[in-house]
Each structure stands twice: as C-alpha cells, then as structure tokens.
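Everything numeric here is computed off the predicted structure, so don't read it as measured data.
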Amino acid sequence: MKSFKIALYPGDGIGPEVLDQTVRVLEAVESQMKTFTLETTQFPWGADYWIEYGQVAPPDFLDLLRPFDAILLGAIGDPSRIPDHVTLDPLIQIRQRFDQYACVRPARLFPGVPCPLTGNREIDLVVIRENSEGEYVNNGGRFKAGAAEEFALQTAIHTRRGIERILRFGFEMAAKRRQQLTMITKSNALRYGMVLWDEILEEISPEFPAIRVDKQHIDAASMNFVRSPEKFDVVVASNLFGDILSDLAGIITGGLGLPASANINPERKHPSMFESVHGSAPDIIGLGIANPVAEILSAAMMLDWLELNTAAECIRRSVESTLRQGAATPDLGGQLNTVQMTDLIIKNLEI
Ligand code: NAD
Ligand code: IPM
Ligand code: MN
C-alpha cells in the first residue's frame, strides 16, 4: 500500500472551511479504494497564530514542510487584522524557496455551471504561471519614509533560465492538450523583461514544431479572455500576469469557487503545493457557504502529482456529475452550504 505524508495549511477565512471538507473527500476516496493512505499533519499558521505568537508562521516553517510529499493549502489573508504582505509572506516563500516554478491553473466551464458570458461557451484552458521570480521577487525598498520625496523601488527579475523552463513546461502541456500555446507579454512597453520573454519564445518554439504558437499583450489577452475564451488552450504568463489572468479565467468559468491550482516543482526536489485560486473570501467567512469545489479539485491535482491518478479521476468525475445535476452553493446561484455540497460530492464518488 502506498503511503504519503501530506502537510495541511488551512490558513485564514474560508481556508479552513474548504480544507476540512476536502479532507473528508480524500478520506472517503482513501477508505473506499484501499490502495493508498494519506498521513496528514495540520499546521495552524496564519492570522490567529500571529495574534498569539507575533508571527504568521514559525521561523523554521520551510524546514517543517520539507519532509512532506505534498502541501495542501486552504487560503491565507485576513486583511482587516493584518496587512496582506505580512500574512501572505510564507505562501510566497514556499513557492519560491521550494522552486515551485510552474503554477498550473486550469479553467474549464463545466456542464451545468452558469457562465457570465453571453452565448454558448466552451471554455477549457489552462494558465501556466511562472511562479518563482518575475514581478514577485523580494527586490526593492522604501526610501526616505514619510518625506515628501519618499520613493519605493520594486524591480522584477526575469531570468533566461526561468523563462526557458516555464515555456518548455507550457509547450509540454500543450503537446498533451490541443497543441496550442499563447504567451502573454507586454513588450510594447516593458522593453527589458518582456522583450526577453519574446526573444526566448522565438528561440524555443522550433523545438516544438507541432504546437501552434502566438503571443498576446496582457491588455489584449484580458479582452480576448472575455470575447473569445474558447480560442485559448495553454496560456503561459509571468508571475503577475498569470495571477491576474487566472482570476479572470475563474470568473468566466463560473466564479472563484471552482478553479484549482498546483504549484509544482517539476524536478521533485522539494514538495509541491496545491491550493484553490481563490483567497480567504472575508466577505463570506463563517457563513458556511463557501464553495468547496476549488479546494477539492486542487486535492485531485495533488493526487495526480502523487501518481494516484485513478483516485484523482474519481474525484473529478464526481465533481462534474454533481455540478451537472445542478447542485450549487450560493456563488453558483444555489442554496447548498459547504457541507451539503461536499456530502453530494462524496455520495457521487464512484470508485
Ligand atoms: P477572494 O478570492 O478571497 O474573493 C473574491 C470573491 O470571490 C469574493 O466575493 C469571495 O466571496 C468569492 N469567493 C472566493 N472563493 C470562494 C468560494 N470558495 N466560494 C464562494 N465564493 C468565493 O479574493 P479577495 O477578496 O481579493 O482576497 C481576500 C484575501 O485573500 C486577501 O487577504 C488576499 O490577499 C487573499 N488571497 C489569498 C490567496 C491564497 O491564499 N492563495 C489567493 C487570493 C487572495
Ligand atoms: C494567488 C494569490 C496570491 C498571488 C497572493 C495572495 C499573494 O492572489 O495565489 O493567486 O498573488 O499569488
Ligand atoms: Mn491571485
């Protein structure tokens, strides 16, 4: 029997609500399949931890996470109590220090889910976000604080190695899907970083002759995500552009209650991390109505990464059939609460 060690990081807001329900789904699959076991350890980091200990996570949090096969994270952020850049720091550090450079964010319009766009839409795309450098590096400073001449410097770092590896990851993903890759740029204005992205795309594309390649500026791509999302297959973007486009991809496919995300270290030198695209949703915290699907689908991505593909597929099939039946939490226009939605997903599991 295969056994895996999973670190659970519930976080803040609706993070613990959706993670608890996801663990129920994982336990149901585990006990019905009897081919693997997940040994979970929960870490109580986040805003409450900060109130108690004056820090959002202990200083050695990366060492604590390193021995795990995977990390399953709920959501972080409690902006009314703690500045986001403080609470979110461990999340960014996990992604960067564990070299989880490929952030994979699929967005598909499931049958039965209302789409905010007009017309009959078939949306099935995946945003591949560079997750280890770019606009998110901790590089800059604040100067002359409080003075009239105060300034802040925040400089992105785009490396040849970083761009090459995420583009190759995107090409390989496209080869397994509909053979199309769109790279997001803004080289008409960002003449250093984004011009380097453009040049490396030109260099690498010939290695993948079967893949149709195009590039779009981030502004045009945002428009096209709304105008003709069905035209996208694999979309590769820098850290910040990928962040923004993945929320947009989420809302056009039914909202942030649905899209999952994986932060992958493809070389498997460090643990990878799985989490919803959404945040801690302070506007619905404690109401018990958060949609658990995004987190449940993130757990399915984790099972795939652990090569438990049958279990992953089983969860995805159940989510799809549950949505097709019209089961819905309030974000999808329904009445079900978080637990009731999860109950149905567990009931619809077909092992
Ligand atoms: P958000 O994703 O938390 O919420 C955006 C909107 O989507 C809200 O109206 C929310 O109610 C809704 N929503 C999100 N998830 C939902 C779900 N599962 N079910 C139903 N509705 C859902 O974004 P925000 O409000 O901009 O950010 C809130 C906090 O989360 C901030 O502190 C932010 O920094 C943080 N954040 C964290 C992560 C993360 O942990 N990975 C991601 C994004 C934002
Ligand atoms: C996400 C989030 C994070 C990001 C924030 C909370 C730091 O928006 O995971 O998409 O920008 O990466
Ligand atoms: Mn985001």
Side-chain angles (χ1 to χ4, degrees), residues 6-23 40-66 68 70-100 103 105 129 131-142 145 152 154 156 239-240 242-244 246-247 250 256-257 259-263 270-292 294-295 298-299 302 338:
I6 309 296
L8 302 177
Y9 183 168
D12 311 302
I14 63 165
E17 300 175 30
V18 294
L19 186 59
D20 280 355
Q21 296 308 307
T22 299
V23 169
T40 58
T41 306
Q42 191 153 315
F43 294 97
W45 305 329
D48 288 338
Y49 194 90
W50 187 84
I51 305 281
E52 203 167 336
Y53 302 104
Q55 48 196 5
V56 284
D60 61 345
F61 74 99
L62 290 171
D63 294 330
L64 295 172
L65 292 173
R66 199 166 278 116
F68 287 86
I71 304 160
L72 186 58
L73 181 135
I76 315 186
D78 193 340
S80 65
R81 289 198 289 172
I82 306 174
D84 269 350
H85 68 275
V86 174
T87 337
L88 272 305
D89 184 56
L91 175 72
I92 308 278
Q93 282 204 54
I94 292 168
R95 291 173 180 170
Q96 295 184 356
R97 298 286 298 280
F98 287 163
D99 207 20
Q100 297 168 347
C103 179
R105 297 186 152 183
R129 166 183 183 191
N131 214 28
S132 66
E133 53 176 49
E135 304 87 346
Y136 277 46
V137 288
N138 188 10
N139 180 39
R142 294 274 298 270
Q154 179 110 41
N239 213 331
L240 180 61
D243 176 45
I244 297 166
S246 54
D247 263 36
L256 287 182
S261 154
N263 304 277
H270 310 280
S272 293
M273 176 167 65
F274 302 82
E275 55 171 331
S276 319
V277 170
H278 68 70
S280 54
D283 53 341
I284 56 166
I285 177 180
L287 300 180
I289 56 166
N291 190 339
E295 191 70 12
S298 303
M302 178 182 83
T338 312

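Minimum interatomic distance between L64 and P58 (heavy atoms only, all atoms of both residues): CD1-CG, 4.0 Å. When all heavy atoms of T22 and A299 are compared, the closest pair comes out as CG2-CB, 3.4 Å. In plain terms, the two heavy atoms of M302 and L72 that are nearest each other are SD-CB, 4.2 Å. Smallest separation of non-hydrogen atoms from A290 and V18: CB-CG1, 3.9 Å. For the residue pair G77 and L88, the shortest heavy atom distance occurs at CA-CD2, 4.0 Å. Closest non-hydrogen pair, S261 versus V277, comes out as CB-CG2, 3.8 Å.
Side chain to side chain, E295 and S276 meet the donor-acceptor criterion of an N or O pair below 3.5 Å.
Of the inter-residue distances, the one linking H270 atom NE2 with I94 atom CD1 reads 13.0 Å to the nearest 0.5 angstrom. Once rounded to the nearest 0.5 Å, the distance linking SG of C103 with CD of E275 reads 7.0 Å. Expressed to the nearest 0.5 Å, how far OG of S272 lies from CG of D99 amounts to 10.0 Å. The structure places CD of E135 at 9.5 Å from CG of D243, a figure rounded to the nearest 0.5 Å. Rounding to the nearest 0.5 angstrom, the gap separating the CD1 atom in I71 from the CD1 atom in I6 is 9.5 Å.
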CA sep, side-chain torsions, deciding dist, call: Q21, N291, side-chain contact (heavy atoms from CB on, under 4.5 Å): CA-CA 10 Å; Q21 296 308 307; N291 190 339; over 6 Å; no
Criterion side-chain contact (heavy atoms from CB on, under 4.5 Å) on H278 and I14, from CA distance to verdict: CA-CA 10 Å; H278 68 70; I14 63 165; 3.4 Å; yes
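With D12 contributing its side chain and I76 its backbone, the two residues share no donor-acceptor pair below 3.5 Å. Judged purely by atom type and a 3.5 angstrom limit, T338 has no side-chain atom pairing as donor or acceptor with the backbone of P292. The closest donor-acceptor contact from the side chain of N263 to the backbone of Q100 lies at 3.5 Å or more, if one exists at all. With E17 contributing its side chain and G286 its backbone, the two residues share a donor-acceptor pair below 3.5 Å.
Legend: residues meeting side chain to side chain contact (heavy atoms under 4.5 Å, CB included) with Q93, ordered by chain and number and at least two apart, are F61, L62, D89, R97. Listed by chain and residue number, A47, D48, I51, D78 satisfy the side chain to side chain contact (heavy atoms under 4.5 Å, CB included) test with R81 (two or more places apart in sequence, or in another chain).
In this structure, N239 and N131 have side chains that are in contact, with non-hydrogen atoms separated by less than 4.5 Å. A 4.5 Å side-chain heavy-atom check between Y49 and V56 finds every atom pair outside the cut-off. Side-chain atoms of P282 and P79, non-hydrogen and from C-beta on, do get closer than 4.5 Å to each other. Q42 has its side chain out of reach of L19: every pair of non-hydrogen atoms, C-beta onward, lies at least 4.5 Å apart.
Around atom CG of D283, more than 12 heavy atoms belonging to other residues, nucleotides or ligands sit under 6.0 Å away.
Checked against the 6.0 Å centroid criterion, the rings of F68 and F43 qualify as a close aromatic pair.
Both the sub-6.0 Å distance and the 45° axial angle are satisfied by R129 relative to the ring of Y136.
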